[in-house]
**Student:** 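Handing you this structure, nothing more for now.
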Amino acid sequence: MNRSVSWTKYVALALALVMVLSGCGAASGGKTSGTAAASQGGGQAGTAEGGNLTFALATSPDTLDPHRSGLAVAVRAIRTIYDNLVVQLPDGSIKPWIAKEWSVSEDGKSYTFKLREDVKFHDGTPFNAEAVKYNLDRVIDPATKAANALALIRPYSSSEVIDEYTIKVKLAAPSQAFLGNLSQALLGIVSPTAAKKYGDQLGKNPVGTGPFTFVKWDENADIVVAKNKDYNWGPDTVENKGAPYIDTITFKIVPEEATRIGSVQSKQVLAAETVPPQNIAALKSDPNQQLLQANTVGLPYTLFFNLRKAPWDDVKVRQAVQSAVDVESIVKTLYLGNYERAWSALSPGILGYDKALEGSITPDINRANQLLDEQGWVKGADGIRVKDGKKLTLKYVDGSPNREKRNDIAAIIQQQLKPLGIAVEVVITKDVATVIYQNWDYDLYGNSQVNSDPNALYAFYHTSAEGERPTLSGLSDSKIDQLLEQGAVETDTAKRVDIYSQIQKYLIEQAVILPIYVFPYTVAASKDVQGIKFDSLGYPLFNDVRIQQ
């Protein structure tokens, strides 16, 4: 545990810094942490219990099985149903949750956890070492088809039950990210009994140990969870360690922005996530509403070139696009000063973020034209460049609905690249899973990830081993592979920061990606709602929520 002290201090400083920086933006007046914002909610906190919190989600979760989910929106509900072994606080420190203590071996390749003995799953079965072993093994079992959880759990290899409430977890190699990753919702502990009973359908019948129990999920309509009356083991991120104050939460799925925010203003729902930038000013001035915001950390919204496909395997062609795209204009136009521009593969506030990259790329259409000329791409009569009889086209794929105006980014880039002689084919699909993650049929695709450690870069940029899921970038560079492997095990914080700085510089210099924006998670809520808080990654917590009657 002592080895993590310097890292903890760094993360604390970084998180504090990002809050200060975000507060200096054009919209700083309404930016507050969940705790601070909740206390401003009018009425007297603590005067009411019971009631139903209606909370509008921007998109539908893919599954409520934490090990199989790949969507951040699913975590809003997953966090209510499942607990984790440990919890990460906003200062970066790791504290006990349903594991009450742990020790780390000298070689950093094993963790021994002592578990709480008073925790029960919602189905009445006991939480114990066997349950933890089942969960860890389930994530790495190919039959589970784990998504983001699989990247989080690496390099887990096996575990050994020492006694009913003690488990030894073994790693294939030391990992500076492993303990913090165990705090993430996608490594939540599921009921082994339920997982065996429901199999692939656990995601529609979730059973955990969390503060709320699953009631129902009406597809594309709503998800309902109810108070777990036996809950008595809340983490240090909440004040109320016992059963929630409210009776139920109804997560309503409302993709259309205007409808979602209008439903809060008309009191059809009490809270709604992902406030559109154009609505922020009105919400701030509304005496009946409050705007809650948490800065997310991890990987910002980034456009990935598919390096497996020509001509995007040519660095100069990618650099031409990088020089022609005016990211600053896109972010200012679409987000009205409420989102920060991203400059790197990492977001501010995470260990190793390289601030030196800020301002390193500026639009330069002359350079962009020169690069394509050098590579033999010549403009045809229709203005589109041609080489060896093939037109220079870029297939830009994005998902539907238009989450965070991402479809609009595609439309703007299409217009920005037209004068350069690149024909951008924008494909909007509801089936991202098939188009992107099965067929890999794209030249440019955007994604982001909430994460607590720069080791998150590994799953996006390390050369995929045979049988592993390919990366979005398709990058394969032995130097970057080596740096990513070193970063995962390096115990010296300064050296680790340098490693990730090298990786970030490479990704920008080689135009592997186009970083676009840093996402602030925003919630519009009635002032009758008090106590919504956020965890260290920006996900909402509902243990302390009360609704003023």
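All values below were derived from every heavy atom in this structure, side-chain atoms included, with hydrogens, water molecules and symmetry-related copies excluded. Small disclaimer: the values here were computed from a predicted structure and weren't measured.
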**Student:** With sequence neighbours excluded, what pairs up with Ser448 under the side chain to side chain donor-acceptor pair (under 3.5 Å) test?
**Tutor:**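 So Ser448 forms a side chain to side chain donor-acceptor pair (under 3.5 Å) with Arg406.
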**Student:** I'd like to check Glu509 versus Gln319 (side-chain heavy atoms, cut-off strictly below 4.5 Å). Are they in contact?
**Tutor:**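 Side chain of Glu509 against side chain of Gln319, heavy atoms only: no contact under 4.5 Å found.
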**Student:** To check you understand the geometry: which heavy-atom pair defines the closest contact between Gly180 and Ile94, and what is its length?
**Tutor:**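 Heavy atoms only, the tightest pair is CA-CD1, 3.8 Å.
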**Student:** Taking all non-hydrogen atoms of both residues, which atom of Arg318 and which atom of Gln510 are closest, and how far apart?
**Tutor:**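 So the two residues come closest at NH2-O, 2.9 Å.
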**Student:** May I ask you to decide whether Asp326 forms a salt bridge with Lys332, counting only side-chain N to carboxylate O separations under 4.0 Å?
**Tutor:**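 Lys332 and Asp326: not salt-bridged.
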**Student:** Just to verify, which of Leu541, Asp544, Asn543 counts as forming a side chain to side chain contact (heavy atoms under 4.5 Å, CB included) with Thr237?
**Tutor:**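 Between Thr237 and the candidates, side chain to side chain contact (heavy atoms under 4.5 Å, CB included) is satisfied uniquely by Leu541.
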**Student:** Which residues satisfy the side-chain contact (heavy atoms from CB on, under 4.5 Å) test with Ala488, sequence neighbours excluded?
**Tutor:**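 Ala488 satisfies side-chain contact (heavy atoms from CB on, under 4.5 Å) with Asn455 only.
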**Student:** Test your reading of the model: is there a side-chain donor-acceptor pair from Ser266 to the backbone of Gly262, 3.5 Å cut-off?
**Tutor:**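 Side chain of Ser266 to backbone of Gly262: a pair is present.
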**Student:** Where the side chain of Arg546 meets the backbone of Val529, is there a donor-acceptor pair that is under 3.5 Å apart?
**Tutor:**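 No, Arg546 side chain to Val529 backbone: no donor-acceptor pair under 3.5 Å.
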**Student:** Anything under 3.5 Å between a donor and an acceptor, one on a side chain of residues 419-428, the other on a protein residue two or more places apart or in another chain? List them.
**Tutor:**
none

**Student:** Quick one: do Lys95 and Asp236 make a salt bridge, cutoff under 4.0 Å?
**Tutor:**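 Judged by the 4.0 Å cut-off on N to carboxylate O distance, Lys95 and Asp236 do not form a salt bridge.
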**Student:** Taking distance alone, no hydrogens or angles, what donor-acceptor pairs closer than 3.5 Å link side-chain atoms of residues 296-304 to residues at least two apart or in another chain?
**Tutor:**
{"unit_1": "Thr296", "atom_1": "OG1", "unit_2": "Phe519", "atom_2": "O", "d": "2.5"}
{"unit_1": "Thr302", "atom_1": "OG1", "unit_2": "Pro300", "atom_2": "O", "d": "2.8"}

**Student:** Residues two or more places apart in sequence or in another chain: which of them pass ring-ring contact (aromatic ring centres under 6.0 Å, His included) with Tyr396?
**Tutor:**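 With sequence neighbours excluded, Tyr396 shows a ring-ring contact (aromatic ring centres under 6.0 Å, His included) to no residue whatsoever.
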**Student:** Which pair of heavy atoms, one from Tyr82 and one from Asp65, lies closest together, and at what distance?
**Tutor:**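 That closest heavy-atom pairing would be OH-CA, 4.4 Å.
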**Student:** Would you please name every residue forming a side chain to side chain donor-acceptor pair (under 3.5 Å) with Arg341, sequence neighbours left out?
**Tutor:**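 With sequence neighbours excluded, Arg341 shows a side chain to side chain donor-acceptor pair (under 3.5 Å) to Glu328, given in chain and number order.
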